[in-house]
Each structure stands twice: as structure tokens, then as C-alpha cells.
Amino acid sequence: MDVDLQEIVDSIDKDQHIGEAIKKYWGLRLIRQNPWECIVSYICATYKSIPAIKSMLNNMAKKFGERVALDGLDFYTFPECEKLADTSVEDLSACGLGYRAKYVLETSKKILESNFNFENLTKMPYLKAKKTLMDFPGIGAKVADCILLFSLDKNEAFPVDVWVKRVILNHYADKLPKVLVKKLCARESLSSGEYEKLNSFGRNHFGRYAGYAQEYLYHFERMTI
DNA sequence: ACCCAGGAATTGT
DNA sequence: ACAATTCATGGG
């Protein structure tokens, strides 16, 4: 809440479509999530529906987090890195993670053993921080962008998921090379090169606060199905 | 009983 | 570099 939303929204208001999204959902903001919780959340988010992701994260909190009583209700904190690093693929798989269990466990161990410091990522420029994150198992370009945007204050990060891809194809195709649009329509999944092209389109078109644009576009697209 | 999900890693051209 | 395939599982 400590940012000037009006200034940010004005800077990303570059075309008619985002103008509509901004008008309809004005007030939508980004969170600054705990980086560790954010990393695990988005590793788990790959190729999963949002209700399923919520379920997986709740299962992990119940099993490995600490119980906190509030107003007569029980809640569970998100488990620390040390805690998850000390589990097993079987334990995590039992939370519904499937093949992601291995990624969460290996990334936990790697972060713990290297004594990894998240604040260094905040100091790095966007691209370097992104490449650093992508060295961890289960973190590709999209997951890295989500972590940078939602927990490390990189407002230029522009995650491209299936919904953002739809937004771009439906409303911004005229701003991309025809060859690229054709390829994107032909196949479902994105190659790494195609991802970076859509990603850099977003950053170039919307500027320093492209991440906010992504959120407005993402939410708008999801609400109009 | 089906379908597909806020993709990443691996293997084949 | 790009394309195709595999990956485990649960909520709708």
C-alpha cells in the first residue's frame, strides 16, 4: 500500500485494452510475498489449476508448518526452508505435489546448503536475478518472473502464462511479427525463445511497471470467460 | 469417467 | 535453436 498506484497505473495505460482493464479493476495491487513461500508456491503452480495449488500449499502447511490459534480457529504457518529440506519426496508427494515434490525438495536443500540470501536478488538487475533463480530445479522463466514480481520487487517482470498468452494473441497480435503469431497459434506450449519474446514485448510495451500491467490483464482475462 | 491445469525438464530433430 | 514428449495428481 506504500506505492503511488495512480502514478503506476498512468504509466502502464498504453492502449485501449489495458485501459479497459484498469478502469474495471482499479485498485488491484501487487503483493510483496515472503520470497521462500513464493518460490515453493510457484514451483507447485506449474501445470496445475489454482484450486489444486491452494490445496497443495495448505497440505504442506498443515503437515510441516506450525499451528497458530487465532480467535478460536487453527491456522498453520508456511514451513521454513529447513523444514522442507528435511522431508522426503514421499512426504511431499503425499501433499499432492506429484512430480513437483522432487523439485521442491531439491531446491530446499540447495537453498539451505548454499546459505542462499534472497536480499542479494533484490540488489541484482532484473535479468541477472532471473538467471540466478533459473538455476534451481523446477524454476523456469515463467516461475522466475513470478517470484521476482511477487516477492522481490522487480516491477518490470512480466510473467507469461496460458492466460497472458491468450491476452496477447487476442488483443496485441498486431504488435508482434506475423510469423511468431502463427507459431503461437499452432502449438499450445511455449518454447523458451517464444516465452522470452512475449516477455520482452510486455516489458517494452508497458515499461518499468509491466508487472502491474500483467496483473490487470491477467485478472481481466480470467473474469471474462 | 472424463478433462485439463498461472510449465519445466528431457529427449529427439 | 526449435519441436515433441513426458511428467503425477486433483478439482471441476
Side-chain angles (χ1 to χ4, degrees), chain A residues 21 25 28-31 33 35 37-63 87-111 130-152 154 157-170 176-177 179-202 210-225:
Chain A
Y25 297 108
L28 181 64
R29 289 168 181 266
L30 288 171
I31 58 170
Q33 194 179 17
E37 181 172 354
C38 193
I39 286 175
V40 177
S41 299
Y42 279 95
I43 288 178
C44 290
T46 65
Y47 203 45
K48 268 294 185 187
S49 68
I50 291 171
I53 297 163
K54 285 183 184 175
S55 166
M56 293 159 62
L57 295 171
N58 278 326
N59 291 340
M60 279 190 278
K62 273 183 193 169
K63 194 164 288 188
T87 63
S88 65
V89 173
E90 290 74 25
D91 288 337
L92 292 172
S93 195
C95 296
L97 299 206
Y99 62 87
R100 302 160 198 80
K102 183 179 57 179
Y103 298 148
V104 170
L105 185 61
E106 287 178 2
T107 291
S108 299
K109 287 180 177 174
K110 199 170 169 183
I111 286 178
K130 183 169 174 176
K131 283 179 180 171
T132 304
L133 281 171
M134 287 172 69
D135 279 337
F136 291 100
I139 302 183
K142 189 268 175 180
V143 170
D145 275 325
C146 288
I147 296 164
L148 292 170
L149 182 61
F150 300 127
S151 73
L152 294 169
K154 300 295 183 198
F158 190 82
V160 179
D161 63 2
V162 291
W163 294 94
V164 175
K165 180 189 168 188
R166 286 170 197 160
V167 174
I168 294 177
L169 285 177
N170 290 336
L176 296 172
V179 209
L180 177 59
V181 175
K182 257 193 151 180
K183 282 186 184 176
L184 294 175
C185 293
R187 287 179 301 106
E188 268 305 315
S189 64
L190 290 175
S191 71
S192 58
E194 289 164 352
Y195 179 91
E196 293 307 327
K197 281 173 185 161
L198 297 183
N199 175 262
S200 57
F201 159 73
Y212 277 85
Q214 192 268 7
E215 282 308 281
Y216 277 89
L217 294 174
Y218 170 86
H219 189 63
F220 184 63
E221 194 71 11
R222 282 182 60 88
M223 289 302 148
T224 54
I225 289 297

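Chain A is the first sequence line, chain B the second, and so forth, proteins listed ahead of strands; every chain is numbered from 1.
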Exercise for the section: Looking at every strand, decide which applies to E196(A) at a 4.0 Å heavy-atom threshold: base, sugar-phosphate, or nothing. Expected result: nothing

Completion exercise
Each nucleotide of nucleotides 8-13 of chain B classed B (base within 4.0 Å of a protein heavy atom), S (only sugar-phosphate) or -, in 5' to 3' order, makes SS----

Exercise for the section: Scan R187(A) against the nucleic acid and name what it touches under 4.0 Å (heavy atoms): base, sugar-phosphate only, or nothing. Expected result: sugar-phosphate

Handout entry: 5' priority, DNA chain C, between S55(A) and Y47(A) [closest heavy atom]
Key = Y47(A)

Handout entry: side chain to side chain contact (heavy atoms under 4.5 Å, CB included) partners of K63(A), counting only residues at least two apart
Key = A94(A), C95(A)

Fill in the blank from the handout: Residues at least two apart in sequence or cross-chain that pass side chain to side chain contact (heavy atoms under 4.5 Å, CB included) with S41(A), listed by chain then number, are Q33(A), E37(A), L57(A)

Problem - Nucleotides bounding contact with chain A, strand DNA chain C, heavy-atom threshold 4.0 Å - result: dC2(C) to dG12(C)

Problem - By salt bridge (Lys or Arg N to Asp or Glu O under 4.0 Å) - contacts of E196(A) (at least two apart) - result: K130(A)

Handout entry: Nearest-Å distance for atom pair CG/P, residues L190(A) and dA5(B)
Key = 13 Å

Completion exercise
Here the distance between atom C1' of dC4(B) and atom CZ of R166(A), to the nearest Å, is 10 Å

Practice task
Please name all residues satisfying side chain to side chain contact (heavy atoms under 4.5 Å, CB included) with K102(A), sequence neighbours left out, ordered by chain then number.
Solution key: E106(A)

Problem - Contacts of E194(A) that satisfy salt bridge (Lys or Arg N to Asp or Glu O under 4.0 Å) - sequence neighbours left out - result: R187(A)

Handout entry: side chain to side chain donor-acceptor pair (under 3.5 Å) involving D91(A) - partner list, sequence neighbours excluded
Key = S88(A)

Handout entry: For A101(A), side chain to side chain contact (heavy atoms under 4.5 Å, CB included) partners two or more places apart
Key = V89(A), L92(A), S93(A), L97(A)

Practice task
Using a 4.0 Å heavy-atom cut-off across all strands, classify E188(A) as base, sugar-phosphate, or nothing.
Solution key: nothing

Handout entry: F136(A) six-ring face occupied by K110(A) cation (under 6.0 Å, within 45°)
Key = yes

